[in-house]
Every structure is written in structure tokens, then in C-alpha cells.
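Order of the sequence lines sets the chain letters (A, B, ...), proteins ahead of strands, with each chain counted from 1.
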Amino acid sequence: MWAPEEEVVLRWESEQECMKQRLVLEDTEAWQKEPDFSGLERVAGVDLSFIKGDERNACAQLVILSYPDLQVVYDVSEMVCLSAPYVSGFLAFREAPPLLQLLHTLQREQPELMPQVVFVDGNGLFHYREFGLACHLGVLSDLPCVGVAKNLLQVQGVVKNDEHMSQISALSKAGDTFPLVTDSGKILGQALRSSDRSIKPVYVSVGHRISLDTAVRLTHSCCRYRVPEPTRQADLRSREYLRTHFPSPS
DNA sequence: GCGACAG
DNA sequence: ATCTTGTCGC
């Protein structure tokens with residue numbers, strides 16, 4: 001494997017503390033306050049896919065979808081070499097650099113396509129130190145970001161126990177939610193049943209420049225399947241890229 | 001030693 | 001993240 005120096009992890013922690021001061025946890029855009037998000041035209045999804053034996057090289061993906069149609073209007077795949085290993089709680093130091101690079105390239109070459117909000121696969125405020133990948137990418141890009149994790153990160157007293165499973169069972173239809181409350185009573189995110197066909201919820205939290213209520217409402221409105229369409233397209237396309245450029249041995 | 005561990 | 005085919009249901 002590949003482990004970071006303890007000293008590096010300490011530096012990462014202080015960087016997260018420092019960047020937290022620039023976080024904006026409220027709605028800052030006019031479209032966010034509209035009942036139907038009128039004014040919202042472009043939503044983005046970002047993702048990284050890997051080849052099975054290789055944890056350093058990855059395909060970074062950025063897709064832009066029209067809203068509310070959710071049709072892909074832009075898509076880029078790029079092979080990147082990651083400079084940090086995966087460490088739970090520090091995902092951003094591994095994935096944010098290449099994703100920011102794709103956003104900067106878009107800004108330079110097709111600024112008219114800049115997304116108005118970015119869906120990130122992973123958590124935002126719902127994080128050990130309340131600064132997950134969605135917050136990190138949001139602050140560094142200064143774009144509104146929403147964190148949507150497919151699996152529960154057990155943090156600050158939010159655990160996958162019987163009570164949690166019971167709350168999941170109570171989600172009877174798409175759009176139903178329950179709050180992720182820390183042991184100190186703070187709501188860091190919402191579990192959302194994103195489609196009628198999936199029992200397993202997704203975990204939504206604020207990344208940057210959006211309120212939790214708006215983030216949940218927007219996520220629900222972008223879900224054709226369990227995973228929000230922008231993230232889903234980014235995942236599908238990055239994997240498709242690897243299949244065609246790095247076909248399996250057999 | 002045991003469990004947890006976003007992607 | 002990735003390893004993997006079929007299978008059940010609409």
C-alpha cells in the first residue's frame with residue numbers, strides 16, 4: 001500500500017481547520033430560493049475511477065448536465081497521477097487537485113459552460129472535522145457544492161446501529177429524509193431516500209454556498225436513480241474511458 | 001484485540 | 001475505489 005507520513009496528516013488537519021473559515025453554509029444564489037430552482041441551468045458531477053491493481057493512476061471526470069432536463073452537455077475524461085493515498089477523513093487531499101484542474105480548464109476554454117452547482121461523491125459538512133471533500137472542493141473553486149455519500153461515515157455519534165436502521169426502514173417513499181444529528185445535537189446532514197426503487201438512502205450534506213434544505217431538495221430533483229444523475233454520469237463515463245483505453249488482460 | 005474505514 | 005454473473009421483477 002502507501003501510507004502518508006504522520007507529519008503530513010497533521011498538516012492536512014490544520015489545512016482543513018484553516019479552510020473552514022472560508023466555508024459558506026447558506027444559500028448565496030437566487031435560483032436556490034426559487035421553488036422550482038428557476039434560473040438553474042447547469043449542474044455538474046465529478047468523479048474518479050481506478051484500474052483494479054493501480055491506486056495511483058486514475059481517470060478524473062467532469063460532466064455538465066442541463067437542468068432540469070439532466071442531459072449531458074459537456075464531458076471530459078483525463079488520466080491523472082494522484083499525489084496522496086486514500087485516508088478516511090482526508091479524501092480531498094487525494095481527489096480535489098485533479099477535479100479542480102478540470103474545473104480550471106473548463107473556466108479557461110469554455111467559461112460559458114461553468115456549472116452553477118457541483119455534485120460531489122463524498123461528504124461535505126458530515127465529516128469528522130466538518131470539512132469533507134465537498135467543502136474542500138467548494139472553497140477552492142468557490143462554486144456551490146453538494147456532498148452526497150453512498151455509504152454512512154460514522155462520525156460524531158452518528159452510527160449505523162439499530163436506531164439508524166429503524167430510521168431507514170421508516171423512509172417510505174422518494175424524498176423522505178431523516179437528519180444526521182451529532183451527539184451534541186447538531187444536524188450535519190440528511191439521509192435521503194432518493195428513489196422509490198431503492199431502500200438504501202444516500203447521505204446529503206452541505207459542501208459550500210448552499211443550505212442543507214436546498215441541498216436535499218436539489219439532490220432529490222436530480223435523482224433518476226439512487227445516485228444523483230450528475231455523479232452517476234461522471235461515474236459511468238470515467239469507467240467507460242478506462243474500459244476503452246485500458247482493456248482488461250483477458 | 002476489535003471494529004471502523006466517504007472514495 | 002475494485003473484484004463480478006446471474007437473477008428477480010416490472
Side-chain angles (χ1 to χ4, degrees), chain A residues 1-4 9 12-13 16 45-62 77 79-100 102 118-138 145-162 164-165 180 182-183 188-192 194-208 215 219 224-228 230-232 234-243 245-250:
Chain A
M1 290 283 98
W2 176 26
V9 174
W12 284 350
E13 279 190 20
Q16 290 177 329
V46 291
D47 191 32
L48 262 64
S49 289
F50 300 79
I51 302 176
K52 65 173 181 180
D54 189 344
E55 60 177 332
R56 283 191 136 90
N57 299 103
C59 175
Q61 181 80 29
L62 166 64
S77 298
M79 288 308 295
V80 295
C81 184
L82 303 178
S83 56
Y86 168 70
V87 180
S88 182
F90 301 96
L91 176 63
F93 294 93
R94 176 172 170 81
E95 302 200 347
L99 299 180
L100 278 167
L102 294 183
V118 180
F119 278 91
V120 176
D121 56 39
N123 298 298
L125 208 62
F126 187 58
H127 176 267
Y128 304 128
R129 290 165 298 280
E130 300 183 18
F131 201 79
L133 175 59
C135 298
H136 195 115
L137 193 68
C145 285
V146 177
V148 181
K150 297 181 292 296
N151 295 99
L152 180 71
L153 179 64
Q154 303 198 150
V155 53
Q156 297 185 36
V158 180
V159 295
K160 190 177 54 190
N161 54 16
D162 291 343
H164 184 78
M165 298 314 286
L180 303 174
T182 67
D183 34 25
L188 291 186
Q190 295 274 353
L192 165 73
S194 51
S195 90
D196 285 319
R197 290 179 304 261
S198 58
I199 294 302
K200 188 176 180 179
V202 292
Y203 300 94
V204 181
S205 61
V206 171
H208 185 54
T219 299
R224 282 223 235 275
Y225 303 100
R226 187 172 87 101
V227 175
T231 303
R232 183 170 165 273
D235 180 66
L236 289 171
R237 287 159 190 262
S238 56
R239 286 162 53 172
E240 162 70 21
Y241 183 93
L242 291 181
R243 280 206 309 276
H245 293 264
F246 302 88
S248 281
S250 137

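Between A:Val146 and A:Val204 the shortest side-chain heavy-atom distance falls below 4.5 Å. A:His127 places none of its side-chain heavy atoms less than 4.5 Å from the side chain of A:Val155. Using a 4.5 Å heavy-atom threshold, the side chains of A:Leu192 and A:Thr219 count as touching. For the pair A:Phe246 and A:Asn57, the minimum side-chain heavy-atom distance is 4.5 Å or more.
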Inset, instruction - For side chain to side chain donor-acceptor pair (under 3.5 Å), just list the numbers for A:Arg237 and A:Gln61, CA-CA rounded to whole Å, side-chain angles, deciding distance to a tenth of an Å, and then say yes or no. - result: CA-CA 7 Å; A:Arg237 287 159 190 262; A:Gln61 181 80 29; over 6 Å; no
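A 6.0 Å sphere centred on CG of A:Asp162 holds no more than 12 heavy atoms belonging to other residues, nucleotides or ligands.
Nucleic acid contact class of A:Gly147 (heavy atoms, under 4.0 Å, all strands): none. Residue A:Phe93 is out of contact with every strand shown, counting any heavy-atom pair closer than 4.0 Å.
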Inset, instruction - Let me have DNA chain B in dot-bracket notation, would you? Count Watson-Crick plus G-U wobble pairs, both distances under 3.5 Å, and use [ ] for pairs crossing earlier ones and | for inter-strand partners. - result: .......
Legend entry - Dot-bracket summary - DNA chain C, pairs being Watson-Crick or G-U whose distances fall under 3.5 Å, with | when paired to another strand: ..........
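A donor-acceptor pair under 3.5 Å links the side-chain atoms of A:Ser205 to the main chain of A:Gly124, judged by distance alone.
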Detail all sub-3.5 Å separations between protein N/O atoms and N/O atoms belonging to nucleotides 1-10 of chain C.
{"from": "C:dA1", "atom 1": "OP2", "to": "A:Lys150", "atom 2": "NZ", "distance (Å)": "3.1"}

Each nucleotide N or O in nucleotides 2-5 of chain B that has a protein N or O under 3.5 Å away: list the pair and distance.
{"from": "B:dA4", "atom 1": "O3'", "to": "A:Gln154", "atom 2": "NE2", "distance (Å)": "3.4"}
{"from": "B:dC5", "atom 1": "OP1", "to": "A:Gln154", "atom 2": "N", "distance (Å)": "2.8"}

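For the atom pair A:Phe126 CZ and A:Thr182 OG1, the distance stands at 9.5 Å (nearest 0.5 Å). Taken to the nearest 0.5 Å, the CZ atom of A:Phe50 stands 9.5 Å off from the CG atom of A:Leu242. To the nearest 0.5 Å, the span separating CG on A:Leu62 from CG on A:Leu99 amounts to 8.5 Å.
C:dT5 sits 34 Å from B:dC2 when the P atoms are compared, rounded to a whole Å. Atom name P, nucleotides C:dG6 and B:dG1: the rounded distance is 42 Å, in whole Å.
For the pair A:Lys200 NZ and B:dA6 C1', the computed distance is 12 Å after rounding to whole Å.
Residues passing the ring pair (Phe, Tyr, Trp, His ring centres under 6.0 Å) test with A:His245 are A:Tyr241, sequence neighbours excluded.
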Please table the atom pairs, donor to acceptor, closer than 3.5 Å between any side-chain atom in residues 79-95 of chain A and protein atoms at least two apart or in another chain.
{"from": "A:Ser88", "atom 1": "OG", "to": "A:Tyr128", "atom 2": "OH", "distance (Å)": "3.2"}
{"from": "A:Arg94", "atom 1": "NH1", "to": "A:Glu55", "atom 2": "O", "distance (Å)": "3.2"}
{"from": "A:Arg94", "atom 1": "NH1", "to": "A:Ala84", "atom 2": "O", "distance (Å)": "2.9"}
{"from": "A:Arg94", "atom 1": "NH2", "to": "A:Glu55", "atom 2": "O", "distance (Å)": "2.7"}

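Nearest heavy atom pair, residue A:Gly138 against residue A:His208, reads O-CD2, 3.2 Å.
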